[in-house]
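The analysis underlying the following values was restricted to heavy atoms, covering all of them including side chains, and did not include hydrogens, waters or symmetry mates.
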Amino acid sequence: MESEHTGSRRNRWTFLTNHARVLIAIARDPGIRLRDIAVDCGLTERTVQAIVTDLQADGYLTRTRDGRRNRYVVTPAARFRHPAEADREIAGLLAYLAAPATSPAPGAPAPHAPAAEGPAVPGAPDSASV
């Protein structure tokens, strides 16, 4: 008998939406091409184009032409759309997820947050700055 969490649909969920992934890719490289975002995010170029249009229409980024290429500027003060996070700016998420990934040395313990002070997530701003 298949358990509730091992069904094929239940195992395919992720924490981040495609919109978040595209925004993070742009935050990492403001001159990135849509086709490169598509490859990185596992999406079609048409889907990425629609997502960029959504993000631009809702004020999360602006697009300018730079010769034959587009350049994007993310609006870090934009707020999350869901009512549960609407009082927070996207800057904290981008600071954490758009930063270059660091991996601990082989055999080293995974990093953890300080117990008493500092941000709850390493690299994320504290609650006063979010």
Side-chain angles (χ1 to χ4, degrees):
M1 182 167 150
E2 194 172 330
S3 80
E4 175 184 342
H5 296 287
T6 60
S8 62
R9 181 162 158 56
R10 298 284 298 184
N11 283 337
R12 294 186 188 179
W13 70 273
T14 63
F15 281 103
L16 299 176
T17 65
N18 290 335
H19 281 67
R21 285 188 185 92
V22 169
L23 188 63
I24 291 164
I26 290 170
R28 286 180 179 150
D29 179 3
I32 194 169
R33 296 178 305 173
L34 295 184
R35 75 177 64 156
D36 295 330
I37 296 171
V39 169
D40 291 347
C41 295
L43 303 169
T44 66
E45 195 170 340
R46 176 178 253 170
T47 298
V48 171
Q49 188 172 29
I51 290 170
V52 167
T53 298
D54 288 347
L55 293 170
Q56 188 174 3
D58 288 342
Y60 289 93
L61 59 84
T62 56
R63 177 179 52 185
T64 58
R65 293 295 287 178
D66 184 12
R68 294 176 38 188
R69 304 273 303 263
N70 287 320
R71 284 202 64 79
Y72 302 93
V73 176
V74 174
T75 308
R79 306 266 177 193
F80 286 97
R81 292 174 46 110
H82 193 280
E85 297 89 26
D87 62 330
R88 299 209 177 243
E89 295 178 349
I90 63 169
L93 177 73
L94 294 176
Y96 183 68
L97 293 176
T102 58
S103 55
H112 64 279
E117 56 187 349
V121 178
D126 63 18
S127 60
S129 65
V130 175

With sequence neighbours left out, the residues meeting side-chain hydrogen bond (donor to acceptor under 3.5 Å, both in side chains) with Asp29 are none
Taking Tyr60 as the fixed residue, which of Ile26, Val52, Leu55, Val74 is the one that meets the side-chain contact (heavy atoms from CB on, under 4.5 Å) rule? Leu55
Taken to the nearest 0.5 Å, the spacing of Arg21 CZ from Leu43 CG works out to 8.0 Å
Rounded to the nearest 0.5 Å, how far apart are CG of Asp54 and NE2 of His19? 3.5 Å
Under the rule for side-chain hydrogen bond (donor to acceptor under 3.5 Å, both in side chains), what residues qualify as partners of Arg28, not counting sequence neighbours? none
Taking all atoms of both residues into account, what is the closest heavy-atom pair of Val22 and Cys41, and its distance? N-SG, 4.2 Å
Any side chain to side chain donor-acceptor pair (under 3.5 Å) involving residues 66-76? Give me the pairs, sequence neighbours left out, ordered by first then second residue. Arg65-Asn70
Which atom of Ala27 lies closest to which atom of Ala98, heavy atoms considered: CB-CB, 3.8 Å
Test log, rule side-chain contact (heavy atoms from CB on, under 4.5 Å), inputs Leu93 and Arg88: CA-CA 10 Å; Leu93 177 73; Arg88 299 209 177 243; over 6 Å; no
From Leu16 atom CG to Ile24 atom CD1, the distance as rounded to the nearest 0.5 Å: 5.0 Å
By salt bridge (Lys or Arg N to Asp or Glu O under 4.0 Å), Asp36 pairs with (sequence neighbours left out) Arg33
I'd like to check the side-chain hydrogen bond (donor to acceptor under 3.5 Å, both in side chains) partners of Glu45; sequence neighbours left out, ordered by chain and number. none
As an exercise, state the distance from CG of Asn18 to CG of Leu23, rounded to the nearest 0.5 Å. 12.5 Å
Restricting to side-chain hydrogen bond (donor to acceptor under 3.5 Å, both in side chains), what partner residues turn up for Arg81, sequence neighbours left out? Asp58
Separation between CD1 of Ile51 and CG of Leu34, rounded to the nearest 0.5 Å: 10.5 Å
